[in-house]
Amino acid sequence: MAFEVLGISPSGFSMVPAIDPHKAEVAAEAGTMVMDVLSRGLRPRDIVTRDSLENAIAAIACSGGSTNGVLHLLAIAREAGVELTIDDFDRISERTPLLCDLKPGGQYVAPDLYEAGGVPLVLARLKDAGLLHSDAQTVSGRTVGDLAEEAVEKEGQRVVRPLDHPIKPTGGLAILRGNLAPEGCVVKLAGHERLRHAGPARVFEGEEQAMDAVRRRSISAGDVVVIRNEGPAGGPGMREMLAVTAALVGEGLGEDVALITDGRFSGATHGLMAGHVSPEAVRGGPIGIVRDGDEITLDVDARRLDVDLSADEMAGRVEAYAPPEQPYPGAALAKYARLVSSASDGAVTR
């Protein structure tokens, strides 16, 4: 017990993760900046503009950031009254090189990025590539271009690649459409090389069913795992499907199956996965009509997610599909489920 109280294991190694000594200083500086922002009367709408949002998308694409950035930035744009669509993410990612060698697909973690030069170094790369709206204002009162100019790159660092040696020529996100995703879906491209997969559907009405199938080893190489009723309204709340994707990797299937869901993923997801499939199943989305054995094709280059069914067959199935009954989620989540919009619109309440 004494070892535990002191944070030291019996072997003599610390049981408490090391804390960066600059944390207290950073916290104090953040508080000072908050008071400065208030004194200047700076408002979120002064900062959140079309240019700043496009800068944020480029930073996600350049760094191999999480697909959750799509939801968050769409929601922020809606709140700020800025026009932004899911297709803007594909357009910006397509022109932005993937430069940051970060986990889970790469070798390094956030402290390594900080030591290499931090976010200013990423901004500097984007500026040099002509992909940064340099005049966009920041909370400091200076422009993002000013911060890029002041970037200090650690000599010999390998976390952020030079522009002439990217990890990939295009960014870490792609938006697909098709007869299974009329409103779009999101694929994370960082960390794997596969851009196409075709195979039979294995359909599950929620994450727990899919996890049980993986545990029973009933998923086969070549399958397309379909997890539905996990969207903003269907969940409700749009859980991350991290457990299933991790389990598939653990079973050695990470490079041999694909997964599609109207739910979302964590930034730690591995493999060819399409999330945020919209419309979701409980809102009449075509993902709700897929049956075991249906042939599904996920083609990143073509930006398509399709099931091999005729329009008439799909229409008949849509009319017949009823989502499984779920336990009452409680008053707050029930209200949320009624009001929440599509993931393709940021999953905001209306």
Determine whether the side chains of [X] and [Y] contain a donor N or O and an acceptor N or O closer than 3.5 Å.
X      : Y      : value
Glu240 : Asn68  : yes
Asp146 : Thr143 : yes
Glu183 : Ser342 : yes

Would the number of heavy atoms belonging to other residues, nucleotides or ligands and lying under 6.0 Å from [atom1] of [X] be above 12?
X      : atom1 : value
Arg158 : CZ    : no
Asp212 : CG    : yes
Glu313 : CD    : yes
Tyr114 : OH    : no

Under 4.5 Å between any side-chain heavy atoms of [X] and [Y], yes or no?
X      : Y      : result
Val348 : Val340 : no
Arg239 : Glu207 : yes
Val186 : Ile86  : yes
Met211 : Arg215 : yes
Gln326 : Asn229 : yes
Ser278 : Cys185 : no

Using 4.0 Å as the upper bound for N to carboxylate O, is an ion pair formed by [Y] and [X]?
X      : Y      : result
Arg91  : Glu54  : yes
Asp301 : Arg196 : no
Arg283 : Asp262 : no

Open item on the list: My understanding is that only residues two or more places apart in sequence, or in another chain, count here; which of them pass side chain to side chain contact (heavy atoms under 4.5 Å, CB included) with Ser218?
Closed with: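 Scan of Ser218 (side chain to side chain contact (heavy atoms under 4.5 Å, CB included), adjacent residues dropped) gives Arg202, Ala213, Arg216.
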Task: From CG (Leu309) to CZ (Arg317), nearest 0.5 Å - done: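 Taking CG in Leu309 and CZ in Arg317, the distance rounds to 4.5 Å.
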Open item on the list: Here's a test for you: under side-chain contact (heavy atoms from CB on, under 4.5 Å), which of Asp308, Leu305, Asp306 qualifies with Ile296?
Closed with: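 Looking at Asp308, Leu305, Asp306, the match for Ile296 under the side-chain contact (heavy atoms from CB on, under 4.5 Å) is Leu305.
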TODO: Go through the structure and list residues passing side-chain hydrogen bond (donor to acceptor under 3.5 Å, both in side chains) with Glu153, not counting sequence neighbours.
DONE: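 Residues passing side-chain hydrogen bond (donor to acceptor under 3.5 Å, both in side chains) with Glu153: Arg125, Gln157.
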Task: N/O donor-acceptor pair under 3.5 Å between Arg78 side chain and Leu84 backbone - done: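 Judged by distance alone, yes, a pair lies under 3.5 Å.
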